[in-house]
Each structure stands twice: as C-alpha cells, then as structure tokens.
Amino acid sequence: MIRVTLPDGSAREVARGTTPADIAAAIGPGLAKAAIAARVDGELRDIMRPIEADAQLALVTNRDEADALELARHDFAHILAEAVQALFPGTQITFGPSTDDGFYYDVMAPASRGPFTMDDLPAIEEQMRAIIRADKPLRREVMARDTLIATWQNARESFKAEWAAELPEGQELSVYWSGDDWMDMCRGPHLASTGKLDPAAFQLTRVAGAYWRGDQKNPQLSRIYGTGWLNKKQLDAHLVRLEEAAKRDHRRLGQDMDLFHLQQEAHGSVFWHPNGYLIWRELESYMRRAIDNAGYKEVKTPQVMDARQWEQSGHWGKYRANMFVIPDEVPNVDDEGPVISGDADWMALKPMNCPAHVLIFRQGIKSYRDLPLRIYENGCCHRNEPHGALHGLMRVRQFTQDDAHIFCREDQIVAEVQDFCALADRIYKEFGFTYSIKLALRPEQRFGSDADWDKAENELRDAVVHAGLATEEFGWEELPGEGAFYAPKLEWHLTDAIGRTWQVGTIQSDRVLPERLDASYVGEDGARHRPVMLHRAIFGSYERFIGILIEHYAGRFPVWLAPVQAVVATITSEADGYAHDVTAKLKAAGIRVEADTRNEKINYKVREHSVAKVPHLLVVGMREAEEGKVAIRSLGSDGQRIMTLEEAIAMLSHEATPPDIR
RNA sequence: GCUGCUGUAGCUCAGUGGUAGAGCGCGUCAUUGGUAAUGACGAGGUCGGGAGUUCAAUCCUCCCCAGCAGCACCA
C-alpha cells in the first residue's frame, strides 16, 4: 500500500499502481468526469499513469486553465502529426510543442510532393477532427532506448531516430500510443483520450519553414501552426484579439494616417512624412528635456569612420557582416571601367555610437572629478540586417537610437543604474506602459574575465534590488546566456495596451570597450584608471518606439503626440471667416490645428476626421460664430461640448502640453 | 540568408494568351447642409524589373528585386 495525500491534507491508503483516475472516481463521479490529469508531487502527469510510491496528489481539471491548455495544445500537436501522416504517407515527423496560443508540429513532407502549403490545411483539420471524434485512447508506454531507435529506423523516421540516438544510453523513453495504430516519442503528459478535446476549439493557422533543430545548416521542415483552446468560445475570443492586433498594425496605420512609408529602393529605411515626423520631433524634445534634467551632455558624432577604428573596437572582426562598408576613394567617373578600384581603404557607416563616444571621452585628460560623465546622442546607425529580418518600423537598417554612455568609477555604478531605473520608470509610465525588468547574463562567446562578469552581473542585480524592482510584480527574471558579448544587460520589456510585450530599454555595464579603446581618467591618487562604461537607451530607437506607440495607442495618440491635434470644421461657408479666426487663435496658442472649410457636409467632415483619429473636432456654424463659441466633439465620444473659444484654448493647451512639463 | 506565398490606378482589390476593371481617394460642376459617406461628370495604369516561349504575354517559363508569414539572425 502507498499513501497519497490530497491538497486538503487528507490522505488515502491505496494499492501501489493505483491511478489518479481511480482516486478521482473514489472521491466522486463528478470529479472522475472532470479530472483530466494530475499533479503528482508537483509534476504534471497522465490521469491513467499509475502512482508507484507515497505522493502528494492534486487532480487537474479544466479549471486549472494553464495546465489544461498546456495539455490540450500538446495533444492537438500530436493529433496534427497523426493527421498529416494519415493523409500523406511518407511524411516524417519531428517535434510538436505547445506555444503561447496553440501548437505547431514540424514535419518533413515526402520528397514526392514538396512542402505543405495553406491549401493543405483544411483537409488536415478535417482529419484531426475525425481523430478527435474517434476518441482514441492515449496510452503511455515505456520503451528501451535501443528498441525505440530500431522502431524509428524501421518506420523510416530518420529525424526521430537521430533524436532518440542522442538521448543518454540506457534511458527509458516514453512513447504515447493514439489507439493502436499511431505513436510518437514524447515525455508527456497527455489527456486520457483524443475525445477529451473540443473539435471546435482549434484552427490551423499557417505553414512556414523551420530548420531541423533550429539550425540553418540542417534540412528545412514544414512547420504547421495552429491555435488551440479548451472550447470554441476561447478560440473565438482569441481570433477577435488577433483581428484587434491586425487593426493596430503600425504598417497599416502608418499608411492610413500618412505617417511614413517604405519603398523597395530604400528597403529597411524609413521615409518619414510630415505627420510622422511631428511625432518624432515631439519625442525628441521630450527626451532632450529628460536627459538635460538627468545631467547628460548631448553630442553628435560622425556617420562614417575608418575601418581601423572599427578594428580596434572589435566590431570589424565580429560584426563586419552587418556593417555597411564604403571605399575611401573618389569613384571612377569614366563611362568605361569599374566605379571603384578595389584597393582603397575601407570606411564603415556606424552600426552603433559607443566607439565615437569613447573617442569624445578620450579628448583631453579626464579626472575622477569629471565622473560620472554622461554622453547622449540621437545617434543614427546603420546595420545591414538580413532581408528576411526587416519588418516595418520594428526592424530597419537605418535607425536613430536615444543612446547614451555613462563613464563612471566602479563605486558609482549602482547609483547610476538606480537613477536610470527611476528615469525609465517615469518615462514608460508617462506613455502608459507597464514593464518588467530582466537581467541577461553572460553568453558563451564573450570578452573579459569571469571575475569581471561576476562583478558586472552583481552590480546590475544589486541596483535593481536596491530600487525595489527585482520582484515578481515587476516580472524580474534572469536570462542565462542572453547578454551581449561585452556585458550583461538589464532589459526593460514593455507591456502594451493589448498585453503584448516589447523589449526596448536597456542598460549594460561594460569594462571591455574602455579597455580596447584605452579610455582612462586620473584618480585621486594621481594614477590612471579605467572607467566603466554604461550603455543605455530608453526608447531603444525612435523608429521602433514610434512603431510600438502606434500599436499601443491604436493610432489614437494622446493630444501632445497627435500630428494634428484639432480640426476646425465649418457647417456652412458663412462660418468660414469665424473658422479661420478660431484656427489662427489656436495656432497662436501653439496648437497643431487645421481649418476644414471644404464644401462638404458636416457629417462627411465628422466621419473623415474621426477616421483620421484627430483628437478634437471643433465644429462651427453661424450659431457658434455669433456667440463666440465652439462645439467640441472629441475622438471616442459621440456627444459635443459647447464652450467659449477661450475655454477651448485652455483645454487644448493643457492637453497638448507634454506630460513631463504639465 | 532559408522555405512558402504575393506584386494590376494614390489605397483596397477583381480580371483575362488578343494591348485592362470596381470601390474609395483625386479634379470639375451643382448643392450651404448641425455631428460617421450629397449628387453628376471627369482625369489616372509600359499590370514590380529583365529575359524567353508565342503571330500575339499583364496572364505561360526562367532569372532578379521587393513585400508578407515563419525560421535563422538581432553586437
């Protein structure tokens, strides 16, 4: 007999080999029906898997949503693989995990038919539903490693065989049978049978290429994605969320609102239109006020520097593939012959600003009294990103960072990082973001000694701990191996209005670059010392941050950021004179306002400016003209507010004032 | 960079082996209207670029470019 303790503290003596399902049945028929899996000593397990020793047992039902979703999605993935093999014999299976909103499975289509496409999805979905309706039992079986390898080889499943062969020898491997005719190697757990899934709660969404084991050198597989839920209601809610996200897509809104455009002759670089650049300019002014108040000095550094400079900084060796290089010579202007000779010296567009800031630091002799020295730049950088990586404003080849480097002594690091945390906190909140902070630790490939890395990681961690931000509430997390090659990173991950996260801000403590570029200051002792260099950014880049803001606000910018803050729209042409008068007074008050005196009906104007997401529409007809008033209709509300022109100017001026100087 | 898909008017898209069409937008005219589309008329396109097949290519084939989705990458 073994002793099984339930969450309420009660214990039962049961025979060894009793399953959680047996125990659920003993407790009551309701629970027996609802229980879909079990946590045995905290580990999620099959409901039918026998318990072999004394254990803590918690039965899992659909109310334990996280566990239930995980189980369902994992099962959907298996059923997807089974369906694909049933429909397309000769398909090899590989892996199929659950994801944040569903599942995928990587398969290798038979050579005879080529990769799967979207057109294949409806038939696969139908087959999956058939498997679910068949309510096939999902049975766990433990197999010896060698037996399993042989099984896979016989089935001509070379990927599975390869994987099994890499697992430790002698290990017992579990497989799951779906009925008696299909099985996959899997750690589990799974639901008791395919019929536990809701056949209306999933949808296959797309198919894409993915490398075997994530390595570009390996064969490319077809990855079939699906979204999966516990019931149709959840699925529908998810599809609505996807639509909402699509409506906010910054590429679409950027075009609709005439903010910017991209075109193939300059792919990866942005053409900012007047409306979009107004947002940029507001952000730039905002950031200048912030860094001026925080004791930074703004600089501007060269766009192009000699390759030798990049060799010294280490970028030429490691990151040349992502740099735009140009020859240092006058091009051949003859019609015949090559434009460049090929034996000129090389220069490169800067992919980052740090070396240039070190060069400014190195001018003259710095004393410990000069530290911390905070050098800021709206630094325009170029990186030759792989074509497939480019994405609207989010990933571009030319971008401008709100970049600063703080040169300081070791004993100043923690205070500087804490100040930065406070600055970032204020700024992100003013844009309406919540955030989490994560610490990216040393990567495998790195410069510098382990002792330095220990120090650097501890300093960043300490600063966040002292700032009281290293808590679960702030999503504190440490990410092994994710740091930069020269330094660990603190990363700020913003959560936007619909719950998506974006990594933007960062601060990194770097001892490598000051060493490589020989930066030093004279200490109190009269000797030369190395400063530590803190790399930091809050927006990350203006391009990307604006892209995030567009999606965060769904194009409905707060008044201070809105390209057009108000439109004065006339009802009849008799009010044109008054409308121009109102417009001039608002302009004089610093409001970005336009007059709409076109020969159109007021309905039409209301619709058009609402669609254009203008925050305030000031409607004027003869009534308003005679009384010196305006009828304000604000975006997102149906009603209007009548107020005097003076009141309207006061209100708009207040809203148009950036939050940091309100 | 890899796989798949896509590229037709300013935008969203339809269409055909015999030199192109809609809606919106734009222009002109009429209309002066009270809070989400007034009506009529009109002007716009070497159908992404190049080569090939064909009597004839926007349509078929090949190459290139860009975009989209995913992967890989993201100092």
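By convention in this document, chain letters (A, B, ...) are assigned in the order of the sequence lines, proteins followed by strands, and residues within each chain are numbered from 1. When reading the values below, keep in mind they use all heavy atoms of this one structure, side chains included, and skip hydrogens, waters and symmetry mates.
The SG atom of A:C380 lies 8.5 Å from the CZ atom of A:F399; values are rounded to the nearest 0.5 Å.
Between A:R530 and A:D518 there is a salt bridge, since a side-chain N of the basic residue sits under 4.0 Å from a carboxylate O of the acidic one. Looking at A:E244 and A:K247, a side-chain N of the basic residue comes within less than 4.0 Å of a carboxylate O on the acidic one, giving a salt bridge.
With hydrogens and angles ignored, no donor-acceptor pair under 3.5 angstrom links the side chain of A:E385 to the base of B:rC74. In terms of polar N and O atoms assigned as donor or acceptor, the side chain of A:E624 comes within less than 3.5 Å of the base of B:rG34 in a complementary pairing. Remark: the A:R633 side chain and the B:rA36 base include a donor-acceptor N/O pair separated by less than 3.5 Å. Checked by distance alone, A:Y211 brings a side-chain donor or acceptor within 3.5 Å of a matching partner on the base of B:rG1.
At the heavy-atom level, A:V207 lies nowhere under 4.0 Å from the strands shown. In this structure, A:A569 reaches neither bases nor backbone, as no heavy-atom distance under 4.0 Å exists between it and the strands shown. Counting any heavy atom pair closer than 4.0 Å across all strands shown, A:E600 reaches a base atom. A:Y486 comes within 4.0 angstrom of the backbone, heavy atoms only, and of no base. Nucleic acid contact for A:G314: none, since no nucleic acid atom lies under 4.0 Å from a heavy atom of the residue. Using a 4.0 Å heavy-atom criterion, one finds that A:D256 contacts no nucleic acid atom at all. Note on A:K318: nothing from the nucleic acid sits closer than 4.0 angstrom, heavy atoms only.
In this structure, the nucleotide among B:rU35, B:rU38, B:rA75 sitting nearest to the side chain of A:Q640 is B:rU35. Considering only side-chain atoms of A:I571, the nucleotide from B:rC74, B:rG34, B:rG70 that sits closest is B:rG34. Of all nucleotides listed (B:rG34, B:rU3, B:rG33), B:rU3 comes nearest to the side chain of A:Q220. Of the candidates B:rU35, B:rU38, B:rA36, B:rU38 carries the atom nearest the A:Y604 side chain, counting heavy atoms from C-beta on. Among B:rC71, B:rU38, B:rA36, the nucleotide with an atom closest to any side-chain atom of A:R223 is B:rC71. Minimum atom distance to the side chain of A:V619 is reached by B:rU35, of the listed B:rC73, B:rG33, B:rU35. Picking from B:rU35, B:rC11, B:rA75 the nucleotide with the shortest atom distance to the side chain of A:N603 gives B:rU35. When each of B:rU32, B:rC71, B:rG34 is scored by its nearest atom to the side-chain atoms of A:A210, the top-ranked nucleotide is B:rC71. Nearest to the side-chain atoms of A:M352 among the listed nucleotides B:rA69, B:rU32, B:rA75 stands B:rA75.
The side chain of A:Y225 places an N or O atom within less than 4.0 Å of a non-bridging phosphate oxygen (OP1 or OP2) of B:rC71. The side chain of A:Q508 places no N or O atom within less than 4.0 Å of a non-bridging phosphate oxygen (OP1 or OP2) of B:rA75. Taking 4.0 angstrom as the limit, A:H387 places a side-chain polar atom (N or O) nearer than this to OP1 or OP2 of B:rG1.
Going from atom CD of A:E608 over to atom C1' of B:rU35 covers 14 Å, rounded to whole Å. Atom C1' of nucleotide B:rA37 and atom NE2 of A:H609 are separated by 13 Å, given to the nearest angstrom. Computed from coordinates, the A:M118 CE to B:rG70 P distance equals 12 Å when rounded to whole Å. A:D106 has its CG atom 16 Å from the P atom of B:rG4, to the nearest Å. Taking atom CG of A:L262 as the reference point, atom P of B:rG10 lies 18 Å away to the nearest angstrom. Spacing between atom CE of A:M323 and atom P of B:rC73 amounts to 21 Å, rounded to whole angstrom units. Atom CD in A:Q264 sits about 11 Å away from atom P in B:rC65, given to the nearest Å. Between A:F271 atom CZ and B:rA66 atom C1' there is a gap of 13 Å when expressed in whole angstrom units.
Side-chain atoms of A:E626 and A:Y578 form no donor-acceptor pair, as typed in the model, at a separation below 3.5 Å.
Between A:Y435 and A:H493, the distance from one ring center to the other does not fall under 6.0 angstrom.
Here the side chains of A:I632 and A:M643 are in contact, with some heavy-atom distance below 4.5 Å.
In this structure, A:R446 fails the cation-pi test against A:F485, since its NZ or CZ atom is not both closer than 6.0 Å to the six-membered ring centre and inside 45 degrees of the ring normal.
Partner assigned to B:rC71 is B:rG1, using Watson-Crick or G-U wobble distances below 3.5 angstrom. Nucleotide B:rA43: unpaired (no Watson-Crick or G-U wobble partner with both distances less than 3.5 Å).
Sequence order on RNA chain B of the closest nucleotides to A:R251 and A:G639 puts A:G639 first from the 5' end. Along RNA chain B, the nucleotide closest to A:L390 and the one closest to A:P386 are compared, and the more 5′ of them pairs with A:P386.
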